[in-house]
Protein chains: 4
Amino acid sequence: MEFDSTRPIYLQIIDVIKKQIIRGELKPGDKVLSQRDFAEKIRVNPNTVQRAYKEMESMSILETIRGQGTFICNRPEMLKEIKAEMANEILTTFISDMRSLGFETDEIRDIVNSSLKGE
Amino acid sequence: MEFDSTRPIYLQIIDVIKKQIIRGELKPGDKVLSQRDFAEKIRVNPNTVQRAYKEMESMSILETIRGQGTFICNRPEMLKEIKAEMANEILTTFISDMRSLGFETDEIRDIVNSSLKGE
Amino acid sequence: MEFDSTRPIYLQIIDVIKKQIIRGELKPGDKVLSQRDFAEKIRVNPNTVQRAYKEMESMSILETIRGQGTFICNRPEMLKEIKAEMANEILTTFISDMRSLGFETDEIRDIVNSSLKGE
Amino acid sequence: MEFDSTRPIYLQIIDVIKKQIIRGELKPGDKVLSQRDFAEKIRVNPNTVQRAYKEMESMSILETIRGQGTFICNRPEMLKEIKAEMANEILTTFISDMRSLGFETDEIRDIVNSSLKGE
DNA sequence: GTGGTCTAGACCACA
DNA sequence: GTGGTCTAGACCACA
């Protein structure tokens, strides 16, 4: 796996897993790779994977059973929450990028609306 | 300078210069650093800078006068063009990111509009 | 500082700081030692201190300002919350210790009440 | 076996044996491990075991018969005594911990009573 | 100087 | 085999 050097790896790992959940490649209850195996697969230190897993535990996306492994939480609202969260991040980035080019709120709205009209 | 390892550096250099033009840090007619000096400053290979400069020449953003150096073009519409171009890139990224999360055109529009409403 | 080898050091660091807050030795707004300085003082690795600090950030006990340091949060309810938390831990330990000796709920209550009567 | 580095090991050994008696894992009249064997099993110096055994002899919990070994005393009140002793230790620790948090006698009583009410 | 991220790797607890 | 804790130490970002 290739990482963007401008963002912490553990945050990128979180995004990867979130996306897999959204796409249904990982389902509630599924076991994820062990810290060691995942670390080996993506060529990072196990501590970095652990950090990502811990962070996701605190978001109630993953849950860990000691000695057994780490699993996708089984909460019905989870998928919706993750989508909303990620959408919000993407939106925030978009708006701040546009503003940094000097666009005002109305202009941003118009650009988006006219761009989506034809589709 | 820090580069995102997932995109070619010359494209990132182009973006940096475009942004400086938009922000007025570089004005039409200004001389830019020589390829050699710029390369040294941002610690990249001079060939990489050359590629970025060439690309921008073909976009009529830079022009090189032999024996004198490289300058920001003095075209009245340039700034507007650059803004539109960059806005388009940002918008395209935004829409494709949202679609990859499973959002439909209507949903994207609604999310943007409601997010910009309060501001 | 001396640590009890049966509990993770970072948890013991958390307890130490909580107690200092309860005793008023650390007041809301106070700067705590830097990760490095504290680590050196108590002879542990800076990462271990960082872990304790992070954990306390997530409890809203500490807050970190990058490049400046780490500070005790300035929340009016904080002291009360910490006391309640620690009291609860102590109480839980007490009750489970008593139960492991074979005491029933009523017996525990009686023992406590009669012990506190004379004081 | 794991020891808490903040308390003398011989006291911790005493606690372990007392608990085994309370739980019925060791019965009056049972032979306990020889000092040498016990020391080897829990990886401590034989002198440490000796000190624990001596202490328990003086409490009439163990008795040593020369040439035969060391045995759990066969006194009917022993189990009760041990439970009372240990309960007292636990209680004392609890009350002093609560006081060090700033709780008054009445508060401690209330906290315990209300905590045990629901159970 | 301060915190943030990451690696390499040791050793432990739980099952 | 799995996660949990910890050390030693590198290098970076922010101020």
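Within every chain, numbering begins at 1; the chains are lettered A, B, ... in the order of the sequence lines, protein sequences first and strands thereafter. All heavy atoms count here, side chains included; hydrogens, waters and symmetry mates do not.
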Correct closest heavy-atom pair for C:G24 and C:K27 would be O-NZ, 2.9 Å
Identify which nucleotide among [options] has an atom closest to any side-chain atom of [X], counting heavy atoms from C-beta outward.
{"X": "A:Q50", "options": "E:dG4, F:dG3, F:dT7", "answer": "F:dG3"}
{"X": "C:R51", "options": "F:dG3, F:dT5, F:dA8", "answer": "F:dT5"}
{"X": "C:S34", "options": "E:dG4, E:dT2, E:dA8", "answer": "E:dT2"}
{"X": "A:K31", "options": "E:dC6, E:dG9, F:dT2", "answer": "F:dT2"}
{"X": "C:N47", "options": "F:dT5, E:dG4, E:dT5", "answer": "E:dT5"}
{"X": "C:Q35", "options": "E:dG3, F:dG4, F:dC6", "answer": "E:dG3"}

C:E85 meets the side chain to side chain donor-acceptor pair (under 3.5 Å) criterion, sequence neighbours left out, with C:K18
In whole Å, what is the span from the [atom1] atom of [X] to the [atom2] atom of [N]?
{"X": "C:R66", "N": "F:dC12", "atom1": "CZ", "atom2": "P", "answer": "13 Å"}
{"X": "A:L33", "N": "F:dG1", "atom1": "CG", "atom2": "P", "answer": "15 Å"}
{"X": "C:L11", "N": "F:dC6", "atom1": "CG", "atom2": "C1'", "answer": "13 Å"}
{"X": "A:F38", "N": "E:dT7", "atom1": "CZ", "atom2": "P", "answer": "13 Å"}
{"X": "A:K54", "N": "F:dC6", "atom1": "NZ", "atom2": "P", "answer": "10 Å"}
{"X": "A:E55", "N": "E:dG4", "atom1": "CD", "atom2": "P", "answer": "12 Å"}
{"X": "C:N45", "N": "E:dA8", "atom1": "CG", "atom2": "P", "answer": "17 Å"}
{"X": "A:I14", "N": "E:dT5", "atom1": "CD1", "atom2": "C1'", "answer": "13 Å"}

Between C:Q68 and A:P8, the residue closer to the 5' end of DNA chain E by nearest nucleotide is C:Q68
Result for 5'-nearest mapping on DNA chain E, choosing between A:T48 and C:G67, is C:G67
Using a 3.5 Å distance criterion without hydrogens, assess whether the side chain of B:D97 forms a donor-acceptor pair with backbone atoms of B:F94. no
Is the backbone N or O of A:T70 less than 3.5 Å from a side-chain atom of A:E63, with the two atoms forming a donor-acceptor pair by type? no
| query | When only distance counts, do a donor and an acceptor, one from the side chain of A:D37 and one from the base of F:dG1, lie under 3.5 Å apart? | reply | no
Phosphate OP1/OP2 of F:dG3: any A:T70 side-chain N/O under 4.0 Å:
yes
* To do: Verify the contact: side-chain N or O of C:Y10 to OP1 or OP2 of F:dC6, cut-off strictly under 4.0 Å; return yes or no.
  => no
Does A:Y53 reach a base, just sugar-phosphate, or nothing at all? Heavy atoms under 4.0 Å. nothing
Over all strands shown, is C:R36 touching base, sugar-phosphate only, or nothing at heavy-atom distances under 4.0 angstrom? base
Stems in DNA chain F, runs of 3 or more consecutive Watson-Crick or G-U wobble pairs with both distances under 3.5 Å, sorted by first number, are E:1-14 with F:1-14
- Item | More than 12 heavy atoms from other groups under 6.0 Å of CD on A:E107 | yes
(message) Could you check whether atom CZ of D:R36 has more than 12 heavy atoms from other residues, nucleotides or ligands sitting under 6.0 Å from it?
(response) no
* Do D:V32 and D:F38 come within less than 4.5 Å of each other through their side chains, counting heavy atoms only? -> no
inquiry  = On the six-membered ring of D:Y10, is D:K54 placed so that its NZ or CZ lies under 6.0 angstrom from the centre and within 45° of the ring axis?
reply    = no
